[in-house]
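Below is one structure, written out as structure tokens, with a few remarks after it.
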Amino acid sequence: MTIHPTRRRVLTTGAAVAGAAALPFMARAQSPIVVKLSHVVAEQTPKGQASMKFKELAEKKLPGKVNVQVFPSSQLFGDAKELEALLLGDVQFIAPSLSKFDRYTKKIQVYDLPFLFDDIDAVDRFQAGPKGQELLKSMVSRGLLGLGYWHNGMKQLSTNKDKLTRPEDVKGLKFRIQASDVLEAQFRALGANPQKMAFSEVYQALQTGVVDGQENTWSNIYSQKFHEVQKTIAETNHGVIDYMVVTNAKWWDGLAPDVRKGLSEAMAEATTYGNKIADDFNAADRKKIADAGKAKIQKLSKEDVAAWRKSMEPVWKKFEGDIGRDLIDAALKSNK
Ligand code: LMR
């Protein structure tokens, strides 16, 4: 239903670029291209920092040619709207969590399988390999081009209950999840009640008891203050939150070659920068949560982790057909 407006806007952009090429003296006099990057997390997070780095680098590499505007914290578009807005040309870059693309490709669900990746380094190795790189291009027919992966970290589970060591502790509880069918199945496998909800609504839902718990990285938990409205955070590391930076494929193709090159380089460098700091960010935020003394951090024994893994295992079988065994095997191989 968004096809017509998408075409119209993209063609307008394309026509402007073509016109500028025909009249180079006018192109030079033109004001910089406004490039909007929208995301849903706080600035003090790995994604927030990578976004600011991209702005700095892009404007340095393309002086006077681009004006990069970064909108954090769902200020411009939240989860529900950002992908549509990108396709409509209302924003040029977004970096949704990999869990939020399953309307566009089922293959990307590989990232949501519980206990698939041992750690973020394994995620990095998978993404750098042929299967991970293929996924960047897997949504081009839907108008989305992936330019790179940005890291956040491993997910932890939190609730408003005192006890959170074994799967039976979450039976019957309500959990906020990202818009992902795999995550829905994961919580159902635990006997819990998942509820898809935009990131910007989670704090209030936890505070008011609309949901009992959620799963997220240390940096997201800390920057959103979830630890202030939860009693226990179990260190499960059961899944990953990572991002794909996507742009509108037609807009990207219509850019002048020097602008596209500058933006590509800025993106590659910002990616390296952001991915280097992600682990440290999460470790520092874990410590801040522990120091704040509001929610208890529950460490888990090997046996506890094995119990969580066993309860979530049925999810793999359910999605293997859609994802493809080749992708799952490649992901498993990336664990050392
Ligand atoms: C969430 O919705 O919990 C995360 O995807 C937010 C984010 O972008 O890290």
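Whatever order the structure lists them in is the order used to number ligands and atoms, beginning at 1.
- Of the listed residues (E201, R176, E215, Q214), the one carrying the non-hydrogen atom nearest atom 3 (O) of ligand 1 is R176.
- Closest protein heavy atom to atom 9 (O) of ligand 1: Y243 OH, 2.4 Å.
- Going from atom OG1 of T232 over to atom CG of D162 covers 5.5 Å, rounded to the nearest 0.5 Å.
- Side-chain contact annotation: S158 with Q214, donor-acceptor N/O pair under 3.5 Å present.
- With a 4.0 Å cut-off on non-hydrogen atoms, N220 touches ligand 1 through its side chain and not its backbone.
- A donor and an acceptor atom, one from each side chain of S38 and K36, are nowhere located under 3.5 Å apart.
- The protein heavy atom nearest to atom 5 (O) of ligand 1 is Q178 OE1, 2.7 Å.
- The ligand atoms of ligand 1 that sit less than 4.0 angstrom from a heavy atom of S97 are 5 (O).
- Between Y149 and N275, the closest heavy-atom pair is O-ND2, 3.1 Å.
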>> Could you go through T165 and D304, starting from their C-alpha distance and side-chain angles, then the distance that decides it, and tell me whether this counts as side-chain hydrogen bond (donor to acceptor under 3.5 Å, both in side chains)?
In response: CA-CA 6 Å; T165 46; D304 294 333; 5.1 Å; no
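- Near V41, the atoms of ligand 1 lying under 4.0 angstrom from a non-hydrogen atom of the residue are 6 (C), 7 (C), 8 (O), 9 (O).
- Within the model, atoms CZ of F126 and CD of Q133 stand 10.0 Å from one another, a figure rounded to the nearest 0.5 Å.
- Ionic pairing of K287 and D291 is present here: one or more N-O contacts between side-chain nitrogen and carboxylate oxygen are shorter than 4.0 angstrom.
- Contacts between N216 and ligand 1, counted as non-hydrogen atom pairs separated by less than 4.0 Å, involve the side chain only.
- Contacts between K47 and ligand 1, counted as non-hydrogen atom pairs separated by less than 4.0 Å, involve the side chain only.
- The N/O atoms of N152, backbone and side chain alike, include none that comes under 3.5 Å of an N/O atom in ligand 1.
- Contacts between K100 and ligand 1 below 4.0 angstrom, taking non-hydrogen atoms only, involve the side chain exclusively.
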